[in-house]
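So the structure is just underneath, and the comments pick up after that.
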Amino acid sequence: MAAAVPLFVLVVATAVAGTVLAVSMTVWASLVQERIPADRLGRILSYSTLGQLLPVPFGYLLVGPASHLFGLRTTLATGALIITAAAIVPLVIAQFRGLCLAPQETKVADRAVSMARAER
């Protein structure tokens with residue numbers, strides 16, 4: 001919205017961004033559930049949710065004064081740059097790029113081992 005583009009372009013960009021966000025949230029939730037032990041999962045998901053939601057009210061508080069001080073287009077462009085950087089920075093980290101879900105055979109074997117330990 002910081003750029004003077006037609007409405008159709010904004011609609012398409014919003015649809016693409018929403019789709020990418022939905023996919024990334026699904027992959028993140030799957031990775032967390034797969035890699036975090038069950039006895040710690042609730043705490044980790046709480047911290048993850050806190051990290052995702054905590055900045056939102058601060059953004060709401062800062063955007064009004066920022067748009068008044070710097071102008072609406074500059075504030076929107078800065079927000080877009082921050083969001084883009086937040087999406088790209090993890091891709092630079094090799095450990096993030098290497099994350100993948102374990103193959104199904106590994107998951108079944110791990111569950112069997114976990115169940116055997118729980119029976120003891």
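- With a 4.5 Å cut-off between side-chain heavy atoms of Ile, Leu, Val, Met, Phe, Trp and Tyr, the cluster of W28 takes in V32, I36, L41, I44, L45.
- With sequence neighbours left out, Q33 forms a side-chain hydrogen bond (donor to acceptor under 3.5 Å, both in side chains) with no residue at all.
- Residue L50 shares its hydrophobic cluster (ILVMFWY side chains chained together at separations under 4.5 Å) with L54, F58.
- Cluster annotation: M25 and L53 are assigned to distinct hydrophobic clusters (Ile/Leu/Val/Met/Phe/Trp/Tyr, side-chain heavy-atom contacts under 4.5 Å, transitive).
- In this structure, OG1 in T26 is found 11.0 Å from CG in L31, a value given to the nearest 0.5 Å.
- Counting all heavy atoms, side chain and backbone alike, P90 lies closest to A85 at CD-O, 4.4 Å.
- For T14, the side-chain hydrogen bond (donor to acceptor under 3.5 Å, both in side chains) test picks out no residue, with sequence neighbours left out.
- Two different hydrophobic clusters hold I82 and F70 under the rule that ILVMFWY side chains link at heavy-atom gaps under 4.5 Å.
- The hydrophobic side chain of I83 is isolated, with no ILVMFWY side chain under 4.5 Å apart from it.
- Side chain of S67 to backbone of T75: no donor-acceptor contact under 3.5 angstrom is found.
- Cluster partners of V11, using a side-chain heavy-atom cutoff of under 4.5 Å among ILVMFWY residues and allowing indirect links, are L7.
- S24 contributes a side-chain N or O that, together with a main-chain N or O of L21, makes up a donor-acceptor pair within less than 3.5 Å.
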